[in-house]
Amino acid sequence: MPSVLPESWLKVTERGLYCEPGDFYVDPHRPVGRAVVTHGHADHARPGNRAVLATPETLAIMRRRYGAEAGGTLEPLRYGERREIGGVRLSFLPAGHVLGSAQAVLEWQGCRIIVSGDYKRRTDPTCAGFEVMACDVYVTEATFGLPVFRHPPDEGEIAMLLTAQWQFPERAVLVGAYSLGKAQRVIALLRQAGYDRPLYIHGALQGLCDLYSELGVELGELRPATGAGKAELAGEIVLAPPSALNDRWSRRLPDPLTAMASGWMRVRARAKQRGAELPLILSDHADWDELVQTLEDVAAPEVWVTHGNEEALVHYAGAKGIRARALALIGRGEEEQEAATAEEAAP
Amino acid sequence: MKAFAELLDRLSYTAGRNAKLTLMADYFRAAPDPDRGYALAALTGRLDFATAKPAMIRGLVEQRVDPVLFGWSYDYVGDMAETVALIWPERPGANRPPELAEVVERLASASRSDSPGLVEGWLDALDATGRWAFLKLITGGLRVGVSARLAKTALAQLGDVTLEEIEEVWHGVKPPFAEVFAWLEGEGPMPRIDLRRAFRPLMLANPLDEAELAKLDPADYRAEWKWDGIRVQLAAGGGEARLFSRSGDEITQAFPDLMEAAQFDAVLDGELLVMRDGTVAPFNDLQQRLNRKRVTAKMLQDFPAHLRVYDILFHGEEDLREQGFDERRVRLEAWHAAEAPARIDLSPLLNFARWEELQALRDSARERSIEGLMLKRGDSAYVAGRPKGPWFKWKRDALTLDTVLMYAQRGHGKRSSLYSDYTFGTWRDGADGAPELVPVGKAYSGFTDEELLRLDKWVRANTTERFGPVRAVKPGLVLEVAFDAVHRSKRHKSGVAMRFPRIHRIRWDKPIEDADRLPTLEKLIEE
Ligand SMILES: [Zn+2]
Ligand SMILES: [Zn+2]
């Protein structure tokens, strides 16, 4: 039993999770004095904070996305390094979600709380794998917090993509993938499967793909899709952010076969709503089995659940004798998509 | 099973006809016998085993999964088979995943008490997509947007033959169709079947666009009544006879009275009816005879079957299909005069010189248990499918009625998360004299996607009770329903049943008190 009550020093506020003794926020959704940022997705990393503490990769992503707005001072903290802030000891553990993603480990007066940010447990060729650490309270995401969400192995999904590319040589296979993390992972998985043709990408993916390459993630030959003619794109794989799938931009492609890479594709009604002809169940979030496995691994007596289907995971944890509650954090989850759209609209 | 499951999965998401054909043809090329034959049977609705009940599958999953989590999951997913497929706790390596042929063959021979154990074992061995396809297969509804005709078109591509050639052999061959694949791949002859008793694909008519009528010469066309029965083909020869529905399903067994009369050697195209004392009985009477494996003596007596013939395709060995309609008609009349079979008469040709005369006949059709008129060119050969031009159907106008929405049910497939099947009612006097609603029909078509979203929202906001996928709603929305006819029915609480009801207009504006009353509907019954 920790000496202090966890909720007495880490609180849910309007701006996000607030660590009182350290006077900092974790992933605040409005500008604050000091922000600890778990990863670069827009629903976690926002512009305009006075001081930002994050992994060097996350800071690089923020700089690429927000430029001068990334924050007043940007302070890097590598995985495993420690930093004292107002008596609170802070460190980062890899979260396996996207490049630079971290779980924030907070320790104060003998009580350890880990804020997962977003995470997944399976291997991802574009980022460091999730690491387990025991704690008193685990703050977990639950984007896919229902037992119907169990992501199949990546290889099978990539094989379906390659089958479609081979089966329809007169069409372009257009893959919808978020611009940070998912797009690069799909590319890296294709390369792993031995696909060495050039891949064509939408302009909105260029900046982050370049950054990944600069940070040492091998993506092979990428070409801009925008300048290429219809004949050139027949039989090729093209990647674009999801918002570009059904808009004017995709009309330049020869009879596009629309694939969408997302964990939501597991449920048919969702996939059909998205208009996907080839749903690819590729997610950067933990599926139900991974969530459950993580609760077991970190062995925390108390769990706080954020963004997603909180009620089911809270119910499950309760049945296992874990104290669990849903955290009502504002602005989590949905905005990843909106932010991506705003980014594409920019020149 | 894996390849078949992937095929169904891809088909369910693919809208384009050509893309569907590619997916199926590639599958038929790659999959081994007999798996591909059973896949073909599944896609064309020719698998034969007792389907599993959703309740049995729900029972299996409830032994494995927390009911609270299952409930939330089902709510989210909206489809029982899919929820079970996704939530089923895997036991990797528990069993070897079955091949499609194994599933089909073992289920066909399994007893009622054996099947839950079999199903459970297979669910353990398959992956999520495999479980989904498997559950769709055994609960009897693939719903992947592929018609039997499209599947046969893909098959034809495999061997570079025409769809008509496939249709010629189709009803003489059985799953898993090994000899068909051998023929298509050039490793065997075209399957030989006894043509005298095989199904021949029907010639179908296009709806008449009345604006076009002026361009047609009445002298070129023959007219017949369009009877309110079901279109059938009777193929008799060598002392045996078979009866097929218009899609080629054999329904011989349900009509022993008619088959007994078929002691001749000919293939006929006609309308199956129930006839009493020389008068055509309402469609509802015919319904009593359909979809039955066994017929009782009482049913034979109460609902005697009759065939009203309008075309002859073969006489003996002679194929008449290349000849014109008029020539076939002469042959048909001669044949009928010579044979004079019981229970079989000819559909008369109607006399007319001008289109106006025909129009008057059609408008009088309301009283005659008739759906409208058929127009056929005198020189038209009998061509399989629905060629443009030679044959038209000219239906009489639909009836409409203002009803009140009472219940809504979740749809299937793409509509599984939407309330898209509507039960509606009309007013009548209740036991205490106050008006009450009584359900008179169910419709799930006739509205746009946008209207569907709005209806779904309305249903959710006005729900009073839930029973599984069905919601009862507060009376508050008038639906104008169109239908082709109405009959008496003992099976319906209202005592009436509509034929082909569909939503005509949604009357968001109309007060429910102004909806129609049951007696209005009863007046439209055809005796
Ligand atoms: Zn994220
Ligand atoms: Zn997130």
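A, B, ... follow the sequence lines: proteins, then strands. Residue 1 opens every chain. Values in this document were obtained by computation on a predicted structure and should not be read as measured data.
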Working to the nearest 0.5 angstrom, can you tell me the gap between A:Asn309 CG and B:Trp72 CH2?
9.5 Å
When only pairs under 4.5 Å are counted, which of A:Phe168, A:Trp288, A:Phe149 shares the most heavy-atom pairs with chain B?
A:Phe168
Is the shortest side-chain heavy-atom distance between A:Thr163 and B:Glu6 below 4.5 Å?
no
Within 6.0 angstrom of A:Glu170 CD, more than 12 heavy atoms from elsewhere
yes
Please look at A:Glu311 and chain B and tell me whether the side chain, the backbone, both or neither of the residue comes under 4.5 angstrom of a heavy atom of that chain.
both
OH/B:Tyr444: more than 12 non-hydrogen atoms of other groups inside 6.0 Å
no
Max heavy-atom pair count under 4.5 Å with chain A, selected residue of B:Asn18, B:Asp26, B:Thr83:
B:Asp26
Give a yes or no on this: more than 12 heavy atoms of other residues, nucleotides or ligands lie within 6.0 Å of atom CG of B:Asp449.
no
Heavy-atom contact with chain A under 4.5 Å, split by part of B:Trp88
backbone
Is chain B contacted by the side chain of A:Ala276, its backbone, both, or neither, given a heavy-atom distance below 4.5 Å?
backbone
Would you call A:Val148 and B:Phe70 a side-chain contact if the rule is heavy atoms closer than 4.5 Å?
no
Measuring heavy-atom distances to chain B, does A:Arg171 have an atom under 4.5 Å in its side chain, in its backbone, in both, or in neither?
side chain
Would you indicate whether the side-chain heavy atoms of A:Asp289 and B:Glu90 approach each other to under 4.5 Å?
no
Quick check: under 4.5 Å, non-hydrogen atoms only, which of residues 250-262 of chain A neighbour chain B?
A:Leu257
Give a yes or no on this: more than 12 heavy atoms of other residues, nucleotides or ligands lie within 6.0 Å of atom CZ of B:Arg149.
no
If I compare all heavy atoms of A:Glu277 with all of B:Thr14, which pair ends up nearest, and what's the gap?
OE2-CG2, 3.6 Å
Count the heavy atoms belonging to other residues, nucleotides or ligands that lie under 6.0 Å from NZ of A:Lys230, then report whether that count exceeds 12.
yes
Any side-chain heavy-atom pair of A:Gln167 and B:Arg10 under 4.5 Å
yes
Pairwise side-chain contact, B:Asp9 with A:Arg268, heavy-atom cut-off 4.5 Å (strictly under)
yes
Do A:Leu146 and B:Leu69 have side-chain heavy atoms sitting under 4.5 Å apart?
no
For the residue pair B:Tyr13 and A:Met265, establish whether any side-chain heavy-atom pair is separated by less than 4.5 Å.
no
N-O pairing of A:Arg150 and B:Asp127 below 4.0 Å
no
Applying a strict 4.5 Å limit to non-hydrogen atoms, the region of B:Ala85 in contact with chain A is neither
Heavy-atom pairs under 4.5 Å with chain B are the metric here; pick the option from A:Ala271, A:Pro279, A:Ala319 that has the most.
A:Pro279
Given a strict heavy-atom distance threshold of 4.5 Å, which part of A:Pro152 is in contact with chain B: side chain, backbone, both, or neither?
neither
